There are 2 protein chains.
Amino acid sequence: MSEKTTIYDIAKALNITAATVSRALNNNPKISAATKKLVMETAAKMNYKQNRLALALKSGKSNNVGVIVPYIDRNFFSAIIRGIEEELYPLGYHVIICQTHEQESTEIDNINALLNAQVDGILMSVSKLTTQTDHFEYVLEKNVPLVFFDRKKDLKGVSTVTIDDFEGGYRATKHLIDQGCKRIAHLSGDWSLEIYKNRYEGYKKALTDHGIALKKEYVIKTKSDIRAGQKASEKLLMLPEPPDAIFSSSDYVALGAIQQLKKHGIKIPTEFCVVGFSNEPFTKFLELSMTTVDQSPVEMGKMAAKVFLEQVKDSNVKIEKKVVLSPTLKIRMSSVK
Amino acid sequence: MSEKTTIYDIAKALNITAATVSRALNNNPKISAATKKLVMETAAKMNYKQNRLALALKSGKSNNVGVIVPYIDRNFFSAIIRGIEEELYPLGYHVIICQTHEQESTEIDNINALLNAQVDGILMSVSKLTTQTDHFEYVLEKNVPLVFFDRKKDLKGVSTVTIDDFEGGYRATKHLIDQGCKRIAHLSGDWSLEIYKNRYEGYKKALTDHGIALKKEYVIKTKSDIRAGQKASEKLLMLPEPPDAIFSSSDYVALGAIQQLKKHGIKIPTEFCVVGFSNEPFTKFLELSMTTVDQSPVEMGKMAAKVFLEQVKDSNVKIEKKVVLSPTLKIRMSSVK
DNA sequence: TTGTAAGCGTTATCAC
DNA sequence: GTGATAACGCTTACAA
């Protein structure tokens, strides 16, 4: 029973040919009900399982999609993958995962490996350190659908699913203004990544829309970890006129800021408000729960999958879809006076 | 340039045969240095990429492994997957992921799908609701290596990688005893999952080893969420002699307990100590950081991958390896008086 | 309605 | 050292 049974085995058992078995198994109309039933039964009896590899080789479709992310154990990305998997699995697709570790060279390697594996599409978030775009063009040349989620590069023929980072930045900042904060600082990330640039732009627009002048010393670019948040907020507090609120592009940075503020005996939210970005799971478990911008990553994954499916449906038509999801502001204790 | 180039294209270009090209590409000894060089060069020039699907069909090895977990966006599992991916990718394997959603029927479906896809092995954590084992036996019949991590079923021929849950429970409890806690309660999970049973056994042993009688009313089985932790601890506080410490088999339950204790004005850790299990990321970000048992999931994933590789190496020898990793107690504020 | 045979891209086993 | 050919398991014109 350990040997795999093929359609030939079934054919032999019934004294018919493999082609007929294949037709019976695939609901081909040109087949008699009798033989079809017979084939179905013996297939079940012999425990036949279709070899997807053979099908893939024949059809040129592997029914696998590749998903590339920086790290799979970052909640934002694993939630996206969950969305992709849940959308695609019912349609018979399998998800192959790769991690770039934020390295461009690894990203290129991942893409080549997935292409060799004949994936039907690649869904990915661009690595922080990626500057070239040749490897993306190469995917397109091979006519393999390419969908960027969250972090993208602007390329012709590539569909993207992102959230409106500008809007996220705007609403976070407006919320702080509504709370009566007058001197709102912003902790940002590297602007070579659009997402951070856009969150900053939203911040800026909200300020000017409400007649608040942008103070250059209130905007600090940092790495995305707790330590960076501590250092940046320390710097802010040393200013002649320190801020009374922080909008951070990262939840981790915001957490570092909160820790540092507390160290200085500053009361949150009464004296100082903080808003983060990403709705990392920990933000709502804090004793002082953190206001943050939710990116609905599972939805983002599902949407990326849907865009991929559209692309596959009309493979002759090159679609270039730009889906922009709306972020949700999760208002919690760190910003409500 | 959009068409895929095969070894036939290279052969045609050089007026040799595909077999020769194949040999050149695969470092076959029976080939002249000259033709080899020539083939290599034109292969590069024509941008040849090996079709892994064809190789897979021919060889019977897909170089894919399937990984099945309840939910991919649970940190514990995504970290394990990270470990698996990082161990296997350098060897040319790709990781296909599936989610059971804790449903037995989905688990069975996942296994069949992966088997159809001709994966070279299946690495998985058993779903909470799984009672049958037929689908696992079936994998073994097909001679596909099967490795369980964390949640396992005892089956002949299946290798497992787990942490020593007994030890974890023992050390967590002993730590509480060392802190001077006298009345230690335990919040457990469903004992049909070995992990919870073993953590409880460790708890029990630590108590008796230190001359503390096990009180039945101090042991409560709950679901693994915050709400359950709140309710269970409420029940404990209503006891005629309420406990002065909780060892919880889940970080979420422990968090719920802490919240409830605070609601009653109970001071942690001075009046009451709490220890969780799993070292979920949020535990160390809490203002009152939580003591918990770390399961080193990335290491667990790497180990599962290594066990799989051993199995593959000697496919004729059936290996049944039981790897048990040691947990680490992360001592934090919630339990240090 | 069913059988025949070619083909998907490789590699392996023969010959030469 | 290289070429011809079969085989992996399946689908699909084309014939019958």
Side-chain angles (χ1 to χ4, degrees), chain A residues 2-40 42-43 46-64 92 113 115-120 142-144, chain B residues 3-40 42-43 46-64 92 115-120 142-144:
Chain A
S2 119
E3 294 311 308
K4 335 223 167 210
T5 73
T6 74
I7 52 172
Y8 280 92
D9 300 323
I10 300 174
K12 202 163 289 172
L14 294 173
N15 257 319
I16 54 177
T17 173
T20 310
V21 176
S22 173
R23 279 187 279 256
L25 258 20
N26 290 288
N27 288 319
N28 192 306
K30 296 166 176 280
I31 191 127
S32 78
T35 38
K36 181 170 168 180
K37 183 157 174 272
L38 206 59
V39 169
M40 288 305 210
T42 44
M46 298 177 74
N47 219 327
Y48 168 77
K49 293 279 154 60
Q50 189 189 49
N51 183 332
R52 285 183 48 177
L53 243 41
L55 212 191
L57 181 59
K58 178 79 173 98
S59 67
K61 285 183 29 66
S62 67
N63 269 281
N64 287 152
L115 253 21
N116 293 177
Q118 310 295 119
V119 292
D120 295 346
K142 297 280 179 196
N143 275 316
V144 173
Chain B
E3 293 312 307
K4 336 225 167 207
T5 73
T6 74
I7 52 173
Y8 279 92
D9 300 323
I10 300 175
K12 202 163 290 172
L14 293 174
N15 257 316
I16 55 177
T17 174
T20 310
V21 175
S22 174
R23 279 187 280 255
L25 258 20
N26 290 288
N27 289 319
N28 191 307
K30 293 166 177 281
I31 191 126
S32 77
T35 37
K36 182 170 167 180
K37 183 158 173 271
L38 207 58
V39 168
M40 288 305 209
T42 42
M46 298 178 73
N47 218 327
Y48 169 76
K49 294 278 156 61
Q50 189 189 49
N51 184 332
R52 285 183 48 177
L53 243 41
L55 212 191
L57 179 60
K58 179 80 172 96
S59 68
K61 288 184 26 66
S62 66
N63 269 278
N64 288 151
L115 253 21
N116 293 178
Q118 311 294 120
V119 291
D120 295 346
K142 297 281 179 195
N143 275 316
V144 173

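The sequence lines fix the lettering, A, B, ..., with proteins before strands; numbering per chain opens at 1. Because the structure is a prediction, the values reported are computed rather than measured.
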Problem - Summary of protein contacts for nucleotides 9-16 of chain D, nucleotide by nucleotide, where a base hit scores B, a sugar-phosphate-only hit scores S (4.0 Å, heavy atoms) - result: BBBBB---
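Looking at every heavy atom in both residues, A/Y48 comes nearest to A/L25 through CE2-CD2, 3.6 Å. B/A24 approaches B/I31 most closely through the heavy-atom pair N-CD1, 3.7 Å.
Sequence neighbours left out, not one pair with a member in residues 12-31 of chain A passes salt bridge (charged side-chain N to carboxylate O under 4.0 Å, His left out).
Atom NZ of A/K142 is separated from atom CG of A/L115 by 7.0 Å, given to the nearest 0.5 angstrom. Separation of atoms CD1 (B/I10) and OG1 (B/T20) is listed at 12.0 Å; rounding is to 0.5 Å.
Checking side-chain atoms of B/T42 against main-chain N and O of B/L38 turns up a donor-acceptor pair under 3.5 Å.
B/K49 meets the side-chain contact (heavy atoms from CB on, under 4.5 Å) test with A/N112, A/N116, A/Y138, B/N47; sequence neighbours excluded. Judged as a side-chain hydrogen bond (donor to acceptor under 3.5 Å, both in side chains), and not counting sequence neighbours, the contacts of B/T35 are B/S32. Under the rule for a side-chain hydrogen bond (donor to acceptor under 3.5 Å, both in side chains), A/N15 has no partner lying at least two apart in sequence or in another chain.
Close approach of DNA chain C to chain B, defined as any atom under 4.0 Å from a non-hydrogen atom of the protein, starts and stops at C/dG9 to C/dT13.
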Atom pairs and distances, side-chain donor-acceptor, residues 50-60 of chain B, under 3.5 Å, sequence neighbours left out:
unit_1	atom_1	unit_2	atom_2	d
B/N51	OD1	B/L53	N	2.8
B/N51	OD1	B/A54	N	3.3
B/R52	NH1	B/H94	ND1	3.3
B/R52	NH1	B/H94	NE2	3.4
B/R52	NH2	B/S62	O	3.2
B/R52	NH2	B/N63	O	3.1
B/S59	OG	B/L55	O	2.8
B/S59	OG	B/K61	N	3.1
B/S59	OG	B/K61	O	3.4

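With the end axes of the helix from C/dT1-D/dA16 to C/dC16-D/dG1 each set by five pairs, the angle from one to the other reads 50° at 10° resolution.
As judged by a 4.0 angstrom heavy-atom cut-off over every strand, B/S59 is placed among residues making no nucleic acid contact.
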